[in-house]
Amino acid sequence: MRLYDTYTRSVVELPAAPGPIRMYVCGPTVYARAHIGNARPFIVGMWFRSWLRATGYEAELVHNITDINDKIYEAAPGKSAELAVRATEWYLEDTGDFGLGLPDHLPKATESVDAIVHFIEELIASDHAYAIEGDVYFRVASFPEYGRLSRQRPDQVEEQEPNALKEDGRDFALWKANKPETEDTWWDSPWGRGRPGWHIECSAMAEEIYGPAFEIHGGGLDLVFPHHENEVAQSRALGHPFAAIWTHNGMLRFTGEKMSKSLGNVTTMREAIDEWGAETLLVFFLAASWRKPIDYSDDTVAQARARLETLRNAFTLPAAEHDEGRWETFAAALEDDFDTPAALAVLHEWASAGQLELLRRGLEVFGLGGIAVRAEAPPEVVELARRRAEARSARDFESSDRLRDELAALGWVMRDRADGYDLVQEQS
RNA sequence: GGCGCCUUGGCCGAGUGGUUAGGCAGAGGCCUGCAAAGCCUCGUACAGCAGUUCGAAUCUGCUAGGCGCCUCCA
């Protein structure tokens, strides 16, 4: 299995099965309903895990919940903890609707403060961080490799979060002293009441679960700098190898621009799922390479929906003799940097060729196995269909067409065959 | 300004040196009482310019356009 690695900007080979392959994929900051772009790292991560397991790997996925953050304090003054809990539930509900299961671990920053504090203490002890007036900052100058992940020269890195307390404008906060007027949650620490900075939680949680080294760290392309750059710095400053491979998914775009809450051009996951259904959205994501941007528009999602129906219809057609040898083309596409558009093309070829067993198995990798299962028609539908079949064989086409309309009104389509008919539920 | 990515037929989107991607939409046909579903046929595309090469969508350079990060961001 080969994957593109941001750190080396090249396609690298994964350790051979059974691995293990331990993945950490950055999750959401929980202050609002997540948008459909936020679904991409989750979906891609769950697909990776699914494929790795299907090919004999021991794969694990950590997906963190950032429930301590300025955005949360801003969005719910005085009630930030309640908002974080509610928004976490939304996120789990929305991502759960994709039918891909749960990550193996869903650590929360609020439940990892001990590990975070311990991590910061180690950084201070090794002179990679310093405490001042209740804040703690990472000393960027102490880590010569700073900037390597995002390909920036350390001396060109600009000031992060301007602040007069810092030794160096590039330094970033590991711990922030509590600001009682705006921050209604805090934790005690050796530096006083406060709360963790954003970047440290991922280093601490990843290492708390996996130890100092693991295989894959993923997230959106917009996290490369500063978030992931700071994570590597924190961990490697302590001599920990941290992630071996970095995977960054492309951004979802809306009318040509990145969909993001700060631009306000978002469709929430909830809205997207309600409008199109989870299966269509999965096909939508499948149709583009995980590293490339995708435009979210009615037109592109409608194309995905049409493809989904084509694949679904395959299961109403006669099956050909199973040909296990054809699995290889599908596998090869995914082994090659997880090329899902190429794999999707193979699914269509199987659909046309009547390789229904392969098609079902291939769909299952992506959480789409459900489309292989046809809905059972309720008794009144079965009865209408029987009557229409009768009318048809009596060549009473007027009644036949009327009954067909009645079925359509109930959401069912009759597909006549030479030797009978199929009853298929209309997909909306 | 710094770093990086992208540009394929009406649309989405693989491919990365030489033989069909695949899909959506559209046209014609087959099938059907008519449909639906399916099947068959039809596009001969690779931003532009220059170069390397026997040969380039695929490599190199330049130009144009677009996007991302450099501040919170999946």
Side-chain angles (χ1 to χ4, degrees), chain A residues 6 9 25-29 31 34-45 63 66 69-71 74 147 150-153 155-162 198 218-229 248-253 256-263 266 269 283-284 286-289 291-295 297 299-314 316-318 329 333 336 339-352 354 391-393 395-398 400-401 404-405 407-408 413-418 421-422 424 426:
Chain A
T6 309
R9 309 284 159 124
V25 174
C26 278
T29 299
Y31 66 98
H35 62 76
I36 183 63
N38 293 311
R40 180 120 93 143
F42 171 83
I43 291 172
V44 167
H63 194 51
T66 298
N69 185 281
D70 286 334
K71 295 273 169 120
E74 286 162 21
S150 57
R151 299 275 159 121
Q152 302 197 76
R153 284 172 42 190
D155 58 319
Q156 284 179 339
V157 171
E158 293 184 19
E159 186 166 12
Q160 303 186 42
E161 294 192 77
W198 177 36
L221 196 56
D222 55 354
L223 294 184
V224 176
F225 190 91
H227 188 50
H228 289 165
E229 191 69 69
H248 290 101
N249 60 269
M251 298 292 98
L252 193 70
R253 295 195 302 210
E257 275 187 315
K258 181 174 77 160
M259 185 180 285
S260 79
K261 290 169 199 159
S262 38
L263 290 172
V266 301
M269 259 193 249
V283 174
F284 169 77
L286 222 40
S289 153
R291 292 198 280 125
K292 288 201 171 174
I294 323 182
D295 276 301
S297 69
D299 186 49
T300 52
V301 185
Q303 288 190 22
R305 181 175 59 187
R307 298 187 76 149
L308 174 71
E309 291 320 308
T310 299
L311 293 170
R312 193 196 305 275
N313 283 330
T316 66
L317 272 31
T329 329
D336 180 17
D339 187 348
T340 58
L344 183 57
V346 176
L347 296 182
H348 278 282
E349 281 159 14
W350 289 342
S352 291
R392 250 189 105 226
S393 45
R395 302 192 67 79
D396 175 3
F397 298 125
E398 205 176 309
S400 169
D401 290 349
R404 181 163 59 192
D405 290 343
L407 280 166
V413 180
M414 242 176 125
R415 293 185 187 153
D416 297 333
R417 290 195 319 238
Y421 57 85
D422 286 309
V424 181
E426 192 104 58

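Proteins get letters first, then strands, A, B, ... in listed order; numbering begins at 1 in each.
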Just checking [X]: base, sugar-phosphate only, or nothing, at a heavy-atom cut-off of under 4.0 Å?
X: Lys261(A); result: sugar-phosphate
X: Gly219(A); result: sugar-phosphate
X: Asp401(A); result: base
X: Gly147(A); result: nothing
X: Arg291(A); result: nothing

Using the [atom1] atom in both, what is the distance from [N] to [M], to the nearest Å?
N: A57(B); M: U19(B); atom1: P; value: 10 Å
N: A21(B); M: U16(B); atom1: P; value: 14 Å
N: G48(B); M: U8(B); atom1: P; value: 10 Å
N: U63(B); M: C3(B); atom1: P; value: 15 Å
N: C67(B); M: U52(B); atom1: P; value: 34 Å
N: C54(B); M: C12(B); atom1: P; value: 37 Å
N: U41(B); M: U20(B); atom1: C1'; value: 15 Å
N: A36(B); M: C6(B); atom1: P; value: 42 Å

Any [X] side-chain heavy atom under 4.5 Å of [Y] side chain:
X: Ile294(A); Y: Arg40(A); value: yes
X: Thr310(A); Y: Asn313(A); value: no
X: Trp350(A); Y: Thr329(A); value: no
X: Lys71(A); Y: Lys261(A); value: no
X: Thr6(A); Y: Leu221(A); value: no

If I compare all heavy atoms of [X] with all of [Y], which pair ends up nearest, and what's the gap?
X: Leu308(A); Y: Val283(A); answer: CD1-CG2, 3.9 Å
X: Phe397(A); Y: Arg392(A); answer: CE2-O, 4.1 Å
X: Ala391(A); Y: Ser400(A); answer: CB-N, 3.9 Å
X: Cys26(A); Y: His63(A); answer: O-CE1, 3.5 Å

Provide, to the nearest angstrom, the distance between the NE2 atom belonging to His35(A) and the P atom belonging to A74(B).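 Roughly 6 Å, once rounded to whole Å.
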
Between NE2 of His248(A) and C1' of G68(B) the distance, given in whole Å, is 12 Å

Does any donor-acceptor pair link the side chain of [X] with the base of [N] at a separation under 3.5 Å?
X: Ser400(A); N: G33(B); answer: yes
X: Asp416(A); N: A36(B); answer: no
X: Arg404(A); N: A35(B); answer: yes
X: Asp222(A); N: C72(B); answer: no

field: Thr316(A) or Met251(A), whichever maps to the more 5' nucleotide of RNA chain B
entry: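 Going by which nucleotide is closer to the 5' end, it is Thr316(A).
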
Whichever of Arg9(A) and Arg40(A) has the more 5' nearest nucleotide on RNA chain B, that residue is Arg9(A)

Sequence neighbours excluded, the answer for salt bridge (charged side-chain N to carboxylate O under 4.0 Å, His left out) partners of Arg151(A) is none

When pairs are called at under 3.5 Å and a stem needs at least three consecutive Watson-Crick or G-U pairs, the stems of RNA chain B are B:1-7 with B:64-70, B:10-12 with B:22-24, B:26-30 with B:38-42, B:47-51 with B:59-63

Kindly say if [X] contacts the phosphate of [N], meaning a side-chain N or O under 4.0 Å from OP1 or OP2.
X: Ser262(A); N: U71(B); result: no
X: Thr29(A); N: C72(B); result: no
X: Asn313(A); N: A37(B); result: no

Each nucleotide of nucleotides 8-17 of chain B classed B (base within 4.0 Å of a protein heavy atom), S (only sugar-phosphate) or -, in 5' to 3' order, makes ---BSSSS--

- prompt: What residue among Val266(A), Asp295(A), Asn38(A) forms side chain to side chain contact (heavy atoms under 4.5 Å, CB included) with Met259(A)?
  reply: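 Among the candidates, only Val266(A) passes.
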
